[in-house]
Amino acid sequence: MHSEIADEKLLVVQFSQGNHIAFKTLFVRYYPKVRSFIMGLVKSESETQEVFLKLWTHRERFREVEVFGTYLYVLTKNTTFNYLRSRQNRQDDQRADSVEESTDTTPYEELVAKDLQLLIDMVVENMPPQRQTIFRLNREAGLTNAEIAEKLQISKKTVENHLNLALKELKNALLLFIFLYLC
């Protein structure tokens, strides 16, 4: 374990000095984790590439980094949330053109609420089609489980199972959201 840490520190030093082989080694080691994190939230391969582009572009900063994995996690988190914010801002601009809203909330509360709604929308959009349909019929159309089962010609138990899975997915995403906002 100690030699792994020493090996990684040496790799990071070599990488910070512009060593392409060290960068490739770090890339191969961390790419699956970074990609999994980003794809789990935004389904954007380009954001994964953006993280590694930022790493290479700012490699000289890594001379002082003690724990590369932690730094990479923060960079990945920030890149992902910047992407989400820019996407949300584009959506907000489109909405602002069509509807004016008055609220008693602070700008920070509005940002958190918008980020949260975006996260919920993304989780729902990435659900399997039947689960997404069942969730929307329940939450947006206000149908009961029995009404959904009848409408889709499936069992009530299937509806309940899909709703439970949908809520579990949302809960996991919300826990991650809360964790990232607290960090």
Side-chain angles (χ1 to χ4, degrees), residues 30-55 69-70 72-183:
Y30 285 100
Y31 178 82
K33 292 178 185 177
V34 170
R35 184 179 186 279
S36 176
F37 178 86
I38 290 173
M39 295 299 282
L41 288 175
V42 297
K43 306 285 189 247
S44 173
E45 187 67 42
S46 66
E47 293 311 300
T48 304
Q49 295 167 1
E50 180 71 21
V51 168
F52 287 98
L53 178 62
K54 286 178 182 178
L55 277 178
T70 301
L72 182 59
Y73 170 74
V74 171
L75 177 63
T76 302
K77 176 187 80 162
N78 290 342
T79 300
T80 303
F81 277 91
N82 287 341
Y83 171 81
L84 290 173
R85 282 186 191 100
S86 71
R87 194 162 97 178
Q88 183 66 42
N89 287 340
R90 286 191 304 271
Q91 290 175 351
D92 290 346
D93 289 344
Q94 292 170 352
R95 287 185 193 130
D97 291 340
S98 62
V99 177
E100 290 188 16
E101 299 177 341
S102 65
T103 64
D104 295 333
T105 59
T106 67
Y108 177 77
E109 291 170 333
E110 288 177 22
L111 177 63
V112 171
K114 287 175 185 174
D115 284 350
L116 184 56
Q117 186 59 54
L118 178 63
L119 178 63
I120 291 169
D121 292 344
M122 288 182 348
V123 170
V124 172
E125 286 173 19
N126 289 306
M127 289 178 184
Q130 187 175 29
R131 185 172 310 147
Q132 185 180 130
T133 300
I134 290 169
F135 181 82
R136 289 183 191 278
L137 287 171
N138 179 262
R139 298 297 187 209
E140 295 170 10
L143 299 180
T144 66
N145 293 357
E147 291 169 330
I148 295 168
E150 184 179 326
K151 181 177 178 103
L152 298 179
Q153 298 180 342
I154 56 176
S155 74
K156 185 177 171 187
K157 186 70 175 164
T158 300
V159 171
E160 291 168 359
N161 287 338
H162 276 289
L163 285 174
N164 285 334
L165 291 170
L167 293 173
K168 184 177 179 180
E169 286 181 51
L170 285 168
K171 178 183 172 187
N172 289 337
L174 292 174
L175 288 173
L176 179 61
F177 177 83
I178 291 166
F179 173 77
L180 292 175
Y181 259 93
L182 293 177
C183 289

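Note that the CG atom of Leu152 and the CD atom of Glu147 stand 11.5 Å from one another [nearest 0.5 Å]. Taken from NZ in Lys156 to CG in Asn161, the straight-line distance is 12.5 Å, to the nearest 0.5 Å. Expressed to the nearest 0.5 Å, how far CG of Asn78 lies from NZ of Lys54 amounts to 7.5 Å. Distance check: Thr144 OG1 to Lys151 NZ gives 12.0 Å after rounding to the nearest 0.5 Å. Rounding to the nearest 0.5 Å places CG of Leu75 at 12.5 Å from OG1 of Thr70. In this structure, CD1 on Ile38 lies 10.0 Å from CD on Gln49, to the nearest 0.5 angstrom.
Minimum interatomic distance between Phe135 and Ala166 (heavy atoms only, all atoms of both residues): CD1-CB, 3.8 Å. Nearest approach of Phe37 to Lys77, heavy atoms of both residues: CE2-CA, 4.0 Å. Closest non-hydrogen pair, Ile148 versus Ile134, comes out as CD1-O, 3.8 Å. Here the closest non-hydrogen pair linking Met127 and Gln132 is O-NE2, 3.7 Å.
Looking at heavy atoms from C-beta onward, Ile154 lies in side-chain contact with Gln130 at the 4.5 angstrom threshold. Leu143 has its side chain out of reach of Glu150: every pair of non-hydrogen atoms, C-beta onward, lies at least 4.5 Å apart.
The side-chain contact (heavy atoms from CB on, under 4.5 Å) with Arg139 is formed by just one residue from the set Val124, Leu163, Ile120, Leu167; it is Leu167.
Residues passing the side-chain hydrogen bond (donor to acceptor under 3.5 Å, both in side chains) test with Thr80, sequence neighbours excluded: none.
For the residue pair Asn164/Glu160, the side-chain donor-acceptor check at 3.5 Å is not satisfied.
Side-chain atoms of Thr76 come within 3.5 Å of backbone atoms of Leu72 as a donor-acceptor pair (strictly under, hydrogens ignored).
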